[in-house]
Trainee: 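Before we start, here is the structure in question, set down as structure tokens.
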Amino acid sequence: MPGSANPVQQSVPVIEIRPFKGGWQCFEGPGVAPYWTGEKAKEDAIGYAKARAKFGRGEIRVLHNDNSIERVIPFEHAGQL
């Protein structure tokens, strides 16, 4: 078995972009969930998530009103500590 194999799966950070109170919310975790309103709210929330995700590995999930996934934006950056 390779030395890097690990039977315990490590969690991958997920940032969710979802409809919220007539706008769009960027949910990272409890207490970290800013939201935007207006014509560009969805794009602004995705931009914020991409900026937050510039280090590390994980994914941004853009959700529909029913919480189904519209699309997934993976992120993985080299140079992590």
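FYI, the numbering just counts along the sequence from 1.
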Trainee: Just to verify, what does Asp66 make a side chain to side chain donor-acceptor pair (under 3.5 Å) with, not counting sequence neighbours?
Mentor: Ser68
Trainee: For residues 12-32, dump all side-chain donor-acceptor pairs below 3.5 Å to protein atoms at least two apart in sequence or in another chain.
Mentor:
residue, atom, partner, partner atom, Å
Glu16, OE1, Arg18, NH1, 2.9
Arg18, NE, Gln25, OE1, 2.9
Arg18, NH2, Gln25, OE1, 3.3
Glu28, OE1, Arg52, NE, 3.4
Glu28, OE1, Arg52, NH2, 3.4
Glu28, OE2, Arg52, NE, 3.0

Trainee: Among the clusters formed by ILVMFWY side chains lying less than 4.5 Å apart, do Val62 and Phe75 turn up in the same one?
Mentor: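 Yes.
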Trainee: Give me the other members of the hydrophobic cluster that Leu63 sits in, counting Ile, Leu, Val, Met, Phe, Trp and Tyr linked by side-chain heavy atoms under 4.5 Å, directly or via other members.
Mentor: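 When side chains under 4.5 Å apart are linked, the cluster holding Leu63 also contains Ile69, Val72.
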Trainee: Under the rule for side chain to side chain donor-acceptor pair (under 3.5 Å), what residues qualify as partners of Glu43, not counting sequence neighbours?
Mentor: none
